[in-house]
Amino acid sequence: MNQQQQIIDEYQQHQNKKIWLTIILITLIAIAVIWSLLSGSVEISVTNIISVLLGQGSNKLQAIIWNIRLPRILTAVVAGSGLAISGAVMQSMLRNPLGSPYTLGISHAAAFGAAFSIIIFGTGSVHSSSADAVLVNNPYFTSGAAFICAMLTTLIIVAVAKYRNAATETMILTGVALGSLFTAGTTALQYFGSDVEIASIVFWTFGDVGRVVWSELGFMSALVLGGSIYFIYHSWNYNALDSGDETAKSLGVAVDKVRLGGMFVASLLTSLIVSLVGIIGFVGLVAPHIVRKISGGDEKYLLPLSALMGGLLLLVSDTAARTILAPIVLPVGILTSFLGVPLFLYLIIKGRKYW
Amino acid sequence: MKLEIDGVHFNYQSQSVLEDVNFKLDHGEVLALIGPNGSGKSTLLKCINRILKPQVGSILIDGDITTDYHQQEMAKCVGYVPQEESKNFPTSVFETVMMGRKPYINFKAQDEDLEIVAAIIDELGLEDIAQRNINQLSGGQQQKVLVGRALAQQPEVLLLDEPTSNLDLKHQLEILNLIQAQIKDNISSVIALHDLSLAARYSDKIIILKDGKIFAAGGLEVLTPENLEAVYEVEVSVADVGGRKVIIPERPI
């Protein structure tokens, strides 16, 4: 009996470590938020920031904090969380460490939708909080078109997968094929586009959390929160699925239903995020892998921790993108790719034991 | 009668894999399924477990037809140890055995679940490696973990698909001793086995499958050179060593 109690105690110690990791990540996000609020071309002191947050301070400071910095910061956290938790779920559902919106062609589809809207419907360009290099005609229409194409891809993948009994290879191969198709489509559109239109497309694909307004942020937050609750509720099922379909079935999991549901919600989240902020690479892929390396593969913790890690990564990246070449503001998508690739290679070389 | 297989047919596309399989298994009995590769052993286990759905025939547990069971109820009733399993994102030994409690857990594991898992880990002798990742373990230890997960389901019927195929001699005996010890607790078990001597040593009943049909069924007496030669197309001798049946393959026919 003592022996058994010891086994339970050890297990609970390991669980406690994961709870500590949660607390540490939340603290780091809080610190990053403060750092990010303080960073920018206009220097604002901590006391001024507090007074602005309490509804005081000059109109100029109010505008900088409430209209520029805060929505940008929250967008980074929410979009990063959404991309990371969706990436973690896609990796589990596909039983593949490369599962991400890229593998499934969702990002490419969104880029095609935006390009289509910019060139065919002449919606011009996207709003840029930083460079103002391109005109703002109709960002909503552009995002809407990107979302529709991304969801269309999702529906095709899910439909093909359903036809083939939700086989993971089917989903990945369908995604790769659709990704190539949309890339070709985007290239074809660019061939016919004017210089300004091509610049708009390129700028849209850069991925930039500075273009989201409060109403969009609210909608995105609600969806990311709802999706995360859905995923965490299913974490036992996802754990079982990772042991293979047969084992999962013998543990009482409705395999096809759980897999299609998980893929649909994960794709919905990434579609929405990509359509609002553009393509932000590697957060969805890297964040879950970092968490797995630190705290193991148990989905009950992996999913919420991935969300926190993704939010933290994107916020830190975005703040760095705003400061390293200040006053030039880099689109965060470029930075995450630059940081993500070496980090990912490091994980593959050093840490492959865990998958 | 614990487990009853009644006229099961299973076709994969147009090819018949199982044909009119019938048998009964009583409380606490161990049945060894033997037969060459492709004779339908794994398919039969999967049909019993509802991973595959037979086109004809039914499977009954305690007289109740299993297609009426809710998926969750079925998982509480039947434990399954697959032939092999690869995890992409490995979990610890404790977490893996805990998966066997899934049919009982809504969202949060209760103290009772933790106690059951700890008792199984203790019994399997895995206490020193309970927090290690399963991909860091040897083949024998991994197999024990998978058996542990099936035991955590507290099943009435335990299905094992060649549980000893990748193991060294010591681990083969350990795994089968362990299963035998559990069977006393009123679990009935069906084990697909390649090693005929182990089948003879650990089972109460034997079914020899050939091309998806039952070629012979009964007690140890079905392990005759004639039966085995007809099924495996190998000349065999059956020896008696210290009261145990030992099957020695001689040469292909």
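Chain letters run A, B, ... following the sequence lines, proteins first, then strands; residues in each count from 1. No hydrogens, no waters, no symmetry mates; every other heavy atom, side chains included, goes into these values.
- Side-chain N or O atoms of B:Ser92 include none that pairs as donor or acceptor with a backbone N or O of B:Gln131 at under 3.5 Å.
- When each of B:Met98, B:Gln72, B:Arg101 is scored by its heavy-atom pairs under 4.5 Å with chain A, the top score falls to B:Met98.
- Top candidate by heavy-atom pairs under 4.5 Å with chain B, chosen from A:Gln13, A:Lys300, A:His14, is A:His14.
- Using the six-membered ring where Trp is involved, A:Tyr233 and B:Phe107 have ring planes that are parallel, under 30° apart on the 30 and 60° scheme.
- Under a cutoff of 6.0 Å and an axis angle of 45°, B:Lys76 and B:Tyr104 form a cation-pi pair.
- Ion pair A:Lys18/B:Glu95 flagged as a salt bridge, since at least one NZ, NE, NH1 or NH2 atom sits closer than 4.0 Å to an Asp/Glu carboxylate oxygen.
- At a 4.5 Å heavy-atom cutoff, the contact between B:Gln153 and chain A is made by side-chain atoms alone.
- Here the CD1 atom belonging to A:Ile279 is positioned 11.5 Å from the CD1 atom belonging to A:Ile106, to the nearest 0.5 angstrom.
- The greatest number of non-hydrogen atom pairs below 4.5 Å with chain A, out of B:Ala130, B:Ala119, B:Pro82, B:Pro103, is found for B:Ala119.
- For B:Lys46, the part lying near chain A is the side chain, with the backbone staying farther off; criterion is any non-hydrogen pair under 4.5 Å.
- In this structure, the portions of A:Gln91 lying under 4.5 Å from any heavy atom of chain B include both its backbone and its side chain.
- Contacts of B:Met74 with chain A are absent, with no heavy-atom separation under 4.5 Å from either backbone or side chain.
- For A:Leu302, no part lies near chain B; criterion is any non-hydrogen pair under 4.5 Å.
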Full working for side-chain contact (heavy atoms from CB on, under 4.5 Å) between B:Ser58 and B:Leu60:
CA-CA 7 Å; B:Ser58 47; B:Leu60 299 99; 4.1 Å; yes
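- Interface remark: of the candidates B:Ile105, B:Asp128, B:Asp111, B:Ile105 forms the most heavy-atom pairs closer than 4.5 Å to chain A.
- Taking CD1 of A:Ile7 as the reference point, atom CG of B:Asp122 lies at 5.0 Å (rounded to 0.5 Å).
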